[in-house]
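Computed from a prediction, not measured in an experiment: that's the story for all the values here.
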Amino acid sequence: MKFILPGLFIIATVFSCGGKNTSSNVESPGKEKTGKDKALEIGADLLQDKKPLKALNMYLNGFHFYNGNMKGQMEAHHYCHQVNDELIQCIIYDGNDADAKIMGIEYIVSERIFKSLPQEERKLWHSHRYEVKSGSLIAPGIPQAAEHELMEKLVTTYGKTFHTWHTDKDLVLPMGHPMVMMGFTEEGQLEDSLLTQRDQRFGISTAEKKQNREDIPVSPILPGADAWKKNQIKQLIITDDYKGVLSHH
């Protein structure tokens with residue numbers, strides 16, 4: 001499966017909004033920026049080219065949970081770049097306003113690429129079928145037809161996600177080590193309150209999106225994805241045995 005984004009989606013993304021309604025819930029320490037800092041920022045914005053950031057032209061909103069701990073749930077704002085027709089890379093924020101904090105990254109690959117991964121590697125990846133079909137994954141601010149077409153491309157993809165800032169509990173600074181995250185796979189897993197609050201902020205109905213996507217075809221989830229369902233949980237650890245880690249790889 002290849003997922004070339006439709007022209008309608010690109011145009012709609014550039015000229016639509018869908019943001020500025022979710023502030024960060026993190027209050028980091030530090031004084032307000034000085035006038036000098038602000039002046040330097042303005043100068044840098046005018047003079048420096050930021051091509052990698054300009055390529056982030058897709059906005060997705062969904063939900064993650066810690067691999068091995070489904071009670072640790074959070075909303076995730078993805079700002080993404082389609083590298084090619086089978087790979088998307090995203091920076092994940094805890095909000096969509098100027099004060100949003102970077103809390104992780106996600107790589108999204110096609111079904112064909114996922115099939116090529118070793119079985120052990122697949123345990124780090126999650127499917128997107130339920131997220132798409134349930135309506136919980138959205139592309140805020142674009143027309144329904146464009147969003148539907150995008151979801152047709154994403155429904156058979158797989159994501160590998162790491163959160164570096166655990167904004168559900170670390171409300172000051174990013175603490176600890178990155179965590180492997182997963183996506184929801186069936187009804188009753190995602191907390192209703194998270195979904196309700198998200199829908200209210202964006203003025204949407206997940207139930208209506210679910211109904212609208214009933215015609216999106218799906219394929220069986222490939223073996224190895226969503227490994228947590230078989231209690232095959234992969235999570236990062238911090239170790240002092242650096243040489244041991246290197247020799248292991």
Side-chain angles (χ1 to χ4, degrees), residues 13-14 16-34 37-38 40-69 72-83 87-109 124-126 128 131 136-142 154 157-184 190 194 197-198 201-202 234-238:
T13 302
V14 172
S16 66
C17 52
K20 298 183 180 180
N21 59 20
T22 309
S23 297
S24 173
N25 66 337
V26 170
E27 292 292 337
S28 297
K31 299 178 181 179
E32 289 293 323
K33 288 185 285 188
T34 65
D37 288 335
K38 294 177 181 178
L40 288 172
E41 286 183 349
I42 294 173
D45 189 45
L46 292 172
L47 299 175
Q48 292 184 315
D49 192 1
K50 306 175 186 66
K51 289 182 179 179
L53 297 182
K54 291 177 181 178
L56 298 174
N57 56 14
M58 185 197 315
Y59 173 29
L60 300 171
N61 176 279
F63 301 89
H64 295 151
F65 66 90
Y66 297 110
N67 196 17
N69 177 21
Q73 304 182 10
M74 67 217 64
E75 186 176 348
H77 301 261
H78 304 60
Y79 293 87
C80 308
H81 165 221
Q82 184 178 349
V83 178
L87 172 64
I88 295 173
Q89 59 184 9
C90 307
I91 300 175
I92 303 172
Y93 288 80
D94 72 333
N96 58 20
D97 210 344
D99 67 342
K101 311 302 187 296
I102 294 175
M103 67 179 191
I105 57 171
E106 179 167 359
Y107 299 99
I108 300 172
V109 299
L124 296 169
W125 296 72
H126 61 272
H128 289 136
E131 294 183 63
S136 62
L137 181 66
I138 63 173
I142 67 173
L154 293 176
T157 62
Y158 295 83
K160 181 180 184 179
T161 305
F162 296 97
H163 279 195
T164 54
W165 193 332
H166 316 306
T167 56
D168 61 320
K169 55 185 178 181
D170 296 330
L171 302 182
V172 179
L173 290 170
M175 305 293 285
H177 55 77
M179 300 286 283
V180 179
M181 309 301 290
M182 288 287 147
F184 298 96
L190 176 59
L194 286 177
Q197 292 168 14
R198 191 278 303 271
R201 274 185 274 108
F202 284 97
K234 292 289 184 179
Q235 200 48 269
L236 302 178
I237 60 172
I238 294 177

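Partners of N67 under the side chain to side chain donor-acceptor pair (under 3.5 Å) rule, at least two apart in sequence or in another chain, do not exist in this structure. The side-chain contact (heavy atoms from CB on, under 4.5 Å) search around H81 returns A55, L56, V83, Q89, not counting sequence neighbours. Y66 is linked by a ring pair (Phe, Tyr, Trp, His ring centres under 6.0 Å) to H166, counting only residues two or more places apart in sequence or in another chain. By the ring pair (Phe, Tyr, Trp, His ring centres under 6.0 Å) test, H64 is found to be paired with H78, H163, residues two or more places apart in sequence or in another chain being considered. Under the ring pair (Phe, Tyr, Trp, His ring centres under 6.0 Å) criterion, F184 pairs with F65, not counting sequence neighbours.
For the pair F162 and I92, the minimum side-chain heavy-atom distance is 4.5 Å or more. Looking only at side-chain heavy atoms (C-beta outward), N96 and Y59 come within less than 4.5 Å of each other. Taking 4.5 Å as the limit, every side-chain heavy atom of P174 sits out of range of all side-chain heavy atoms of T164. Two residues are said to be in side-chain contact when any heavy atoms from C-beta on lie closer than 4.5 Å; I138 and R198 meet this criterion. The shortest side-chain heavy-atom distance between L154 and I88 falls under the 4.5 Å cut-off. Side-chain atoms of M181 and E106, non-hydrogen and from C-beta on, never get closer than 4.5 Å to each other.
Here the shortest heavy-atom pairing between M103 and Y93 reads CE-O, 3.7 Å. For the residue pair L60 and A139, the shortest heavy atom distance occurs at CD2-CB, 4.0 Å. For W165 against V172, the heavy-atom pair with the smallest separation is CZ2-O, 3.4 Å. R201 and T22 make their closest contact through NH1-OG1, 2.7 Å (heavy atoms, listed as atom of the first residue, atom of the second, distance). G95 and A100 get closest at one heavy-atom pair: O-CB, 3.4 Å. Looking at every heavy atom in both residues, I237 comes nearest to H177 through CA-NE2, 4.4 Å.
A salt bridge (Lys or Arg N to Asp or Glu O under 4.0 Å) check over residues 158-176, counting only residues at least two apart or in different chains, returns the pairs E121-K160.
If you take CG on D94 and CG on D99, they are separated by 7.5 Å, rounding to the nearest 0.5 Å. Atom NE2 of residue H128 and atom OH of residue Y158 lie 10.0 Å apart, to the nearest 0.5 angstrom.
For H77 (side chain) and N61 (main-chain N/O), no donor-acceptor pair under 3.5 Å exists by modelled atom type.
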